[in-house]
There are 2 protein chains.
Amino acid sequence: MAKKHQIPFQEVKLFSIAMPKYQKQTRFLVAVDCIIFGFDGTELKLLLVQRELEPEKGKWSLIGSFIREEEDIEKGANRILNQMTGLEGVYLEQLHAFGKPDRDPIERTISVAYFALIDIHQYERQLNDEYHAEWFPIKSAPRLIFDHEQMVEMAKKRLRYKAAFHPILFELLPEKFTVPQLQNLYEGIFDTVFDKRNFSRKIQSTNLLIKQKDKDKENSKKGAYYYKLDKRKYAANFHAFLNFIPNPDNIK
Amino acid sequence: MAKKHQIPFQEVKLFSIAMPKYQKQTRFLVAVDCIIFGFDGTELKLLLVQRELEPEKGKWSLIGSFIREEEDIEKGANRILNQMTGLEGVYLEQLHAFGKPDRDPIERTISVAYFALIDIHQYERQLNDEYHAEWFPIKSAPRLIFDHEQMVEMAKKRLRYKAAFHPILFELLPEKFTVPQLQNLYEGIFDTVFDKRNFSRKIQSTNLLIKQKDKDKENSKKGAYYYKLDKRKYAANFHAFLNFIPNPDNIK
DNA sequence: AAAATAAGTGTAAAATGTACATTTAATATC
DNA sequence: GATATTAAATGTACATTTTACACTTATTTT
C-alpha cells in the first residue's frame with residue numbers, strides 16, 4: 001500500500017491530470033454573508049456579530065462564512081443561520097454576489113449575500129451566545145466592515161420592494177400579532193405613515209388574516225385583537241400582487 | 001537580484017506568509033454566464049454559442065467565461081458581452097449566483113449569471129463571427145448544457161417581473177419604433193394579448209414617448225407612426241412603478 | 001364618575017382600469 | 001379610377017380601486 005499523506009485539496013485540483021481543461025484559471029475564496037432582519041414589535045432590527053479575525057477584529061460585521069468544499073451556497077447560508085440562531089426553515093433569499101477584487105483586504109473573496117427574515121422573539125429563546133451576536137435598530141446600527149453596509153442598503157431596498165407587493169413581512173412577525181403591530185412594521189419599513197382605516201381595510205381584504213378571540217393589552221387600554229396568518233392562503237398568495245402600499249412610486 | 005521564475009498565483013496565495021488567516025479555506029472557480037435577450041420586432045430571442053471544450057463540446061450554451069484574477073464580476077460580464085457583440089453600455093443586471101457543487105462536471109464552478117437586453121439590429125451590424133453565436137427564438141431554443149436552462153428560466157421570470165412595473169423593455173427596441181411593435185414585444189414577453197386601445201392609452205400616459213413625423217410602412221399599408229423614447233424622462237422614471245400590465249397577478 | 005388612550009369602523013369623491021366598435025390612411029386589385 | 005383590403009388610430013360608458021377624512025368604543029387610570 002502506498003504511503004499515505006495529506007494533499008491539500010487545491011493542489012489536487014490544480015495538478016491532477018483528471019481535469020486538464022480548467023488548469024489555467026484562477027480560483028477564489030467564496031463566502032456567504034447574511035443580512036438578518038428582525039422586528040421587535042416596534043422597530044426593524046439587524047443581527048450583527050463582532051469579527052473574530054484581524055484585520056478589523058472586534059468591529060461589527062454581518063454573519064458570514066466561507067463556502068465549504070462540497071457545500072451548496074444556499075446550504076452554506078442556512079448553515080450559518082442555524083449556527084447563530086438555532087432556527088431552521090427561516091425565510092432566506094439570495095440578494096446579490098459582491099465581487100470587487102479589493103473588498104476583503106486579506107485576499108480576494110467573492111461574497112454571495114443572502115437576506116433572512118426572522119421572528120425576533122423566537123430567536124431570543126434559542127440564542128447561541130458563543131458568537132456574541134447582537135440586535136441593532138436598523139436606524140442606529142454601527143459601522144460595518146468591508147462592503148457590508150452596502151449589502152445592508154441593498155437588502156433594505158429589496159425588502160421594501162418585495163414588501164410593497166408580496167406578503168413577505170409576515171415572516172418577521174410572531175404567530176399572533178395585532179393589526180396596529182403590522183401597521184407599525186409597514187410604517188417602519190417604508191419610513192412613512194399610513195391612514196389606519198385604509199391600511200386595515202387593505203390588509204383585511206387580502207383574506208390572509210384569521211381573527212382570534214383574545215386581545216393584546218400591552219399596548220393599549222382597549223386592547224387590540226390578535227390575528228393569525230392563514231398559512232394555506234399565505235403560501236398560495238405569496239407570489240400574487242397584493243398592492244400593499246398606497247404610493248409604491250415613493251419606494252427607492 | 002534573485003532568480004526570476006513564475007509562481008502560479010494560487011501557490012502564492014496559499015503559501016505566502018503575508019496572509020495567514022484564510023489558508024485553510026477551499027478556493028473555487030468562478031464564472032459569469034450571460035443570458036442575452038434580443039427582440040427582432042416580432043419575437044423574443046436568445047443569443048447562444050456552441051461550447052468549445054469537452055465535455056459537451058458543440059452543445060449550445062450561454063455565453064460565459066471564468067472570472068480573471070483581478071477582474072470585478074460585473075466587469076467580466078461586460079467583457080464577454082463586448083467580445084461577443086462589440087456593444088458597450090448595454091443593459092446588464094445581475095440575476096443570481098448558481099453554486100450547486102456538481103453543476104459543472106469537470107470541476108466545481110460557481111457561476112454568477114447576468115442578463116442583458118440588446119437591440120438585435122445594432123448587434124447584427126457588429127457581430128463577432130469568431131464565436132459562432134446564433135440567435136434563437138426563445139420558444140424554440142435548443143437544449144443547453146449544465147444548468148443553463150434553469151438560468152434562462154429565471155431570467156425570463158425576472159424580465160417579466162421587471163417589465164410589469166418598469167419601462168425596461170425599451171432596452172430591446174431600436175431608437176425608432178412603433179406602438180404596435182411595442183405591443184408585440186409586451187405580448188411576446190407576457191405570452192398573452194392586450195386590447196390595443198387600452199395598451200396604447202397606457203403607454204401614452206407614461207409620457208415617455210415622443211411621436212415622430214415619419215411612419216413605418218413595412219408592416220401595414222396605412223403605416224404606423226414612429227416614436228422615440230424620451231431618454232431624460234426614461235432615466236428619471238426607470239424606478240417608478242408604471243403598472244404596464246393589466247393583471248400582474250398572472251405573472252409567474 | 002370623569003379623563004385618557006388607542007382600537008375600530010363608514011362614506012363619498014376621485015382616479016384608474018376594463019370592455020368594446022368604428023373610422024382612417026394607404027396600397028392593391030379589378 | 002372605383003373598390004377592396006389591411007392594419008392603425010381613436011372614444012365612451014361602466015366597474016373597480018384608491019383616497020381623504022372623523023367619530024364612537026372599550027378599557028384603564030385618576
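In what follows, every chain begins at residue 1, and chains take the letters A, B, ... in the order their sequences are listed.
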Participant: Tell me the interatomic distance from B:Asp214, atom CG, to C:dA25, atom C1', rounded to whole angstroms.
Facilitator: 16 Å

Participant: Find which nucleotide of DNA chain D each of B:Pro180 and A:Lys217 is nearest to by heavy atoms, and output the residue with the more 5' nucleotide.
Facilitator: B:Pro180

Participant: Would you say the rings of B:Phe39 and B:Phe170 are close, in the sense that their centroids are separated by under 6.0 Å?
Facilitator: no

Participant: From D:dT10, D:dT18, D:dA22, pick the nucleotide closest to the side chain of A:Arg197?
Facilitator: D:dA22

Participant: Looking at A:Asn219 and C:dA6, is any side-chain donor or acceptor paired with a base atom of the opposite kind under 3.5 Å?
Facilitator: no

Participant: Can you list everything that forms a side-chain contact (heavy atoms from CB on, under 4.5 Å) with B:Glu149? Sequence neighbours excluded, please.
Facilitator: B:Arg143, B:Leu144

Participant: For B:Arg201 and C:dC20, what is the distance between atoms CZ and P respectively, to the nearest whole Å?
Facilitator: 14 Å

Participant: Using heavy-atom distances to pick each residue's nearest nucleotide on DNA chain C, tell me which of A:Ser220 and A:Lys211 is more 5'.
Facilitator: A:Ser220

Participant: Answer yes or no: side-chain N or O of A:Lys221 and base N or O of C:dA7 forming a donor-acceptor pair under 3.5 Å.
Facilitator: no

Participant: Whole angstrom is fine here: how far is it from NZ in A:Lys215 over to C1' in C:dA6?
Facilitator: 11 Å

Participant: Any donor-acceptor pair, under 3.5 Å, between the side chain of A:Lys222 and the base of C:dT5, if you only look at N and O atoms?
Facilitator: no

Participant: For A:Asp195 and C:dT11, what is the distance between atoms CG and P respectively, to the nearest whole Å?
Facilitator: 16 Å

Participant: Is the distance between the ring centroids of B:His166 and A:Tyr161 under 6.0 Å?
Facilitator: yes

Participant: Which whole-number value in Å describes the distance from A:Lys196 NZ to D:dT18 C1'?
Facilitator: 20 Å

Participant: Less than 6.0 angstrom separating the ring centers of B:Tyr186 and B:Phe199, yes or no?
Facilitator: yes

Participant: Using atom OH of A:Tyr225 as one end and atom C1' of D:dT25 as the other, report the distance to the nearest whole Å.
Facilitator: 11 Å

Participant: Round to the nearest Å and state the distance from A:Phe199 atom CZ to D:dT19 atom P.
Facilitator: 14 Å

Participant: To the nearest Å, how far apart are A:Gln204 CD and D:dT18 P?
Facilitator: 16 Å

Participant: Between B:Asp216 and B:Lys176, is the closest basic N to carboxylate O distance under 4.0 Å?
Facilitator: no

